[in-house]
J.: 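First the structure, then my questions, so here it is.
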There are 2 protein chains.
Amino acid sequence: MGSCIIEKFGYYTDLNQYEKDILAAFEDSKESFKAGENISSKGDAFDNLYIIHEGWAYVSSNLDKKLRSIFDIRLNADFVGASELSFRRRLYDFYALTDVTVCPFPKHRLDDMFTASPKLRDIFIMIMSREKAIANERIMSIGRRTAVERVAHFLLEVALRFDMVGGKPKQTFDFPLTQEQVGDILGLSPVHVSRAMTNLRENAYITYNRSTVTLLDEERLLNLSGFNPTFLEKPRSDMNYDSDDVCGCSGN
Amino acid sequence: MGSCIIEKFGYYTDLNQYEKDILAAFEDSKESFKAGENISSKGDAFDNLYIIHEGWAYVSSNLDKKLRSIFDIRLNADFVGASELSFRRRLYDFYALTDVTVCPFPKHRLDDMFTASPKLRDIFIMIMSREKAIANERIMSIGRRTAVERVAHFLLEVALRFDMVGGKPKQTFDFPLTQEQVGDILGLSPVHVSRAMTNLRENAYITYNRSTVTLLDEERLLNLSGFNPTFLEKPRSDMNYDSDDVCGCSGN
DNA sequence: CAATTATCTTAACTTAGGTTAAATTAACAG
DNA sequence: CTGTTAATTTAACCTAAGTTAAGATAATTG
């Protein structure tokens, strides 16, 4: 297997040789972290981005000793740092959720990359757009949905994001998050996450154990949570700045 | 006054003649809307961005008949649409909050602009970064702060954002949002926003009337709300992709 | 400027979700 | 295996915020 960066960029677009050459110019290292390890911290120098090579990670910030927000999880081929690009220091903490391997990606080389390839530049903008859409959906969840709706919505989001980075749509998927972490993502206490998940199980929406979730009835889950997949629209390699909806995948 | 786009871009960076020429190539129109008017809607074709020329606007989405989230307000020189750039259709509704004048900005010309000027391209990325930082701060507020803390935090945010687009720091500022709208931003009921604001007034943090807010003690407000201005760090014209913190304005 | 409508406040009451703690269950280390 | 620790569940209780509604205040309109 060749370059990690080329491989993961390849999830977002079809790369020609020219683009591969540009990406090959980045050092191609991998770093591994054990579950729970801190990868980088708020206030640190912000020298490189990461691409997730394998495993789960998350971006978070502590409000105080007791309270924490997890802003998002990072799965295979997700970027870390893209949305903070213009800040000189890291705005958030970044942790390994499972054992994880990341590919660092020097930030100072991005300028050249953007200039050399508008397509790679647009991939970047696309990734930032998508992260923002996910963040807004989270604001909607935390602000206006009930606990059960929030959990249902989040599970659908994870399933869909999973599918997008190499997998086939599947009802059963890996779910290494603890309920406490789910609470920090959705603005709930761990006890109430348990209540919500028990509720979803008792009403035959899902089954789960400590590391796996199965969606039993996606249709009903979509209904329950008001999930609209538009915000996760598959990033497209043929992005342009015109608006005709060739793929027909958007809508309301 | 010349081009709206050149003027507003000028808030973010010092423009040389070359950059002004690039921006001058955009059509320079203004559109005005009355308070409450819809400017664009979820699902619409996404042909142009907007820059706020004057007045307040907001970006929102309805969950159902009763529930709405307002994702953010838009003030002078703010962009609308930057963070959704790679979507073909609009993801959110966009409304005039006060009487407002916006400068539309054709999306299909951005590609040329980004290619012609890395600096203008970086301004764009900077704006997206900043919007994301604000969104994450909102997630933290809604998910983990009490109602009083949320309102205090939001008022500080508005005051600071105000200052950044042309104003001098001031304790007293225009605040045309209704308490219902504040509730839709912060995930609260209008009644509880009233309680929170009354609380802040009774404890001598602020005074306010229907259209103005005065911060009486910024220090105590910062403390109360756990506000850290890093996330609003003034966008810099000298953005580069290195991390040494010349301006010393970040940090934990 | 009178009348209507929108916004804000206050009060009384309800509820979703938080807290604490104890009991299960699962994972893990030796 | 076995003892220990971490994660989940359940229960009892508590509180922040939601709801409804009535009254007060401000803004807008004819």
Side-chain angles (χ1 to χ4, degrees), chain A residues 34-36 56 63-70 95 97-99 141-152 154-155 174-203 206-213 224-225, chain B residues 34-37 63-69 95 97-99 141-155 174-203 206-213 224-225:
Chain A
K34 301 301 273 176
W56 293 45
L63 189 52
D64 57 42
K65 273 267 127 65
K66 325 225 74 175
L67 296 172
R68 174 175 71 160
S69 280
I70 292 179
Y95 285 93
L97 176 65
T98 63
D99 290 354
S141 265
I142 302 178
R144 293 302 189 210
R145 287 192 248 256
T146 66
V148 173
E149 289 166 2
R150 280 180 234 182
V151 172
F154 180 65
L155 293 177
D174 231 49
F175 193 77
L177 288 159
T178 68
Q179 292 183 358
E180 183 178 18
Q181 289 162 339
V182 173
D184 287 337
I185 292 170
L186 299 178
L188 295 167
S189 69
V191 175
H192 208 63
V193 172
S194 172
R195 291 194 273 243
M197 291 193 67
T198 302
N199 178 315
L200 288 173
R201 183 176 47 198
E202 287 175 346
N203 291 103
I206 64 173
T207 60
Y208 62 95
N209 61 34
R210 226 159 275 239
S211 58
T212 308
V213 165
L224 172 67
S225 64
Chain B
K34 302 301 272 173
E37 262 189 278
L63 189 53
D64 57 40
K65 270 268 125 63
K66 326 225 73 179
L67 295 173
R68 174 176 70 159
S69 280
Y95 284 93
L97 176 64
T98 62
D99 291 355
S141 264
I142 302 179
R144 292 303 187 209
R145 286 191 249 257
T146 67
V148 173
E149 290 165 2
R150 279 180 235 184
V151 172
H153 195 278
F154 179 65
L155 293 177
D174 234 48
F175 194 78
L177 288 159
T178 67
Q179 293 184 356
E180 184 177 17
Q181 288 162 341
V182 173
D184 287 338
I185 292 170
L186 300 178
L188 295 167
S189 69
V191 175
H192 208 62
V193 172
S194 171
R195 292 195 271 243
M197 293 193 68
T198 303
N199 178 316
L200 288 173
R201 183 174 50 198
E202 287 175 345
N203 291 104
I206 64 171
T207 60
Y208 62 95
N209 62 35
R210 224 158 276 242
S211 57
T212 308
V213 165
L224 172 68
S225 64

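Chain A is the first sequence line, chain B the second, and so forth, proteins listed ahead of strands; every chain is numbered from 1. All values below were derived from every heavy atom in this structure, side-chain atoms included, with hydrogens, water molecules and symmetry-related copies excluded.
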J.: Over how many whole Å does the gap from B:Lys66 atom NZ to D:dT19 atom P extend?
T.: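 Whole-Å distance recorded here is 8 Å.
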J.: Determine the minimum heavy-atom distance between B:Gly36 and B:Tyr95, stating which atoms define it.
T.: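 That would be O-CD2, 3.6 Å.
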J.: Given C:dA6, is OP1 or OP2 found less than 4.0 Å from the side-chain N or O atoms of B:Gln179?
T.: no
J.: Check whether any side-chain N or O of B:Ser194 sits under 4.0 Å from OP1 or OP2 of C:dT9, and answer yes or no.
T.: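 Looking at the OP1 and OP2 atoms of C:dT9, one of them is under 4.0 Å from a side-chain N or O of B:Ser194.
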J.: Among C:dT7, D:dT19, D:dA17, find the nucleotide with the atom closest to the side chain of B:Thr178.
T.: C:dT7
J.: Quickly work out the A:Asn199 CG to D:dT10 C1' distance and round it to whole Å.
T.: 14 Å
J.: Which nucleotide wins on minimum distance to the side chain of B:Leu188, given the candidates D:dT9, C:dG18, D:dA17?
T.: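 Given the options D:dT9, C:dG18, D:dA17, the side chain of B:Leu188 is closest to D:dA17.
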J.: Which part of the nucleic acid, if any, lies within contact of A:Gly183, taking any heavy atom under 4.0 Å across all strands shown: a base, the sugar-phosphate backbone alone, or nothing?
T.: nothing
J.: CZ of B:Arg201 versus P of C:dC8: gap in Å, rounded?
T.: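 Atom-to-atom, B:Arg201 to C:dC8, this comes out as 11 Å.
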J.: Indicate whether the side chain of B:His192 and that of B:Arg195 have a donor and an acceptor atom separated by less than 3.5 Å.
T.: yes
J.: Is the phosphate of C:dT10 approached by B:Thr198 (side-chain N or O, under 4.0 Å from OP1 or OP2)?
T.: yes
J.: List for me each residue that meets ring pair (Phe, Tyr, Trp, His ring centres under 6.0 Å) alongside B:Phe175, sequence neighbours excluded, and say none if there are none.
T.: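 In terms of ring pair (Phe, Tyr, Trp, His ring centres under 6.0 Å), with neighbours along the sequence ignored, B:Phe175 is linked to no residue.
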J.: Categorize B:Gly187 for me: base, sugar-phosphate, or nothing, with a 4.0 angstrom heavy-atom threshold over every strand shown.
T.: sugar-phosphate
J.: Could you tell me the separation between the CG atom of B:Leu186 and the P atom of D:dA16, rounded to a whole number of Å?
T.: 18 Å
J.: Closest to the A:Ser189 side chain: D:dT20, D:dA17, C:dT19?
T.: C:dT19
J.: Report the residue (A:Arg145 or A:Ser211) whose heavy-atom-nearest nucleotide on DNA chain C is the more 5′ of the two.
T.: A:Arg145
J.: What are the two closest heavy atoms between B:Gly183 and A:Arg144, and how far apart are they?
T.: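 Heavy atoms of B:Gly183 and A:Arg144 come nearest at O-NH2, 3.0 Å.
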J.: Could you give the CD1-to-P distance, from A:Ile142 to D:dA16, as a whole number of Å?
T.: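 After rounding, the reported distance stands at 20 Å.
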J.: Between A:Arg210 and A:Val148, name the one whose nearest nucleotide on DNA chain C is closer to the 5' end.
T.: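 Closer to the 5' end of DNA chain C: A:Val148.
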J.: Less than 4.5 Å apart, side chain to side chain, heavy atoms only: is that true for A:Val193 and A:Met197?
T.: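 A:Val193 reaches A:Met197 side chain to side chain.
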J.: How long is the line joining NE2 of B:His192 and P of C:dT14, in whole Å?
T.: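 Rounded to whole Å, this separation is 18 Å.
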J.: Measure the shortest side-chain to side-chain distance between B:Leu177 and B:Leu97 over non-hydrogen atoms and say whether it is less than 4.5 angstrom.
T.: yes
J.: What nucleotide among C:dT9, D:dT8, C:dT7 has an atom nearest to a side-chain atom of B:Tyr208?
T.: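 Among C:dT9, D:dT8, C:dT7, the one nearest the side chain of B:Tyr208 is C:dT9.
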J.: Using only heavy-atom distances, decide whether a donor-acceptor pair under 3.5 angstrom links the side-chain of B:Arg195 to the base of D:dG18.
T.: yes
J.: Can you check the A:Leu97 CG to D:dA7 P distance for me, whole Å?
T.: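 Taking atom P of D:dA7 as the reference, CG of A:Leu97 is at 11 Å.
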J.: Using atom CD of B:Glu180 as one end and atom P of C:dT9 as the other, report the distance to the nearest whole Å.
T.: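 Checked: the CD to P distance equals 14 Å.
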J.: So what does B:Val191 hit on the nucleic acid, given a heavy-atom distance under 4.0 Å: a base, only sugar-phosphate, or nothing?
T.: base
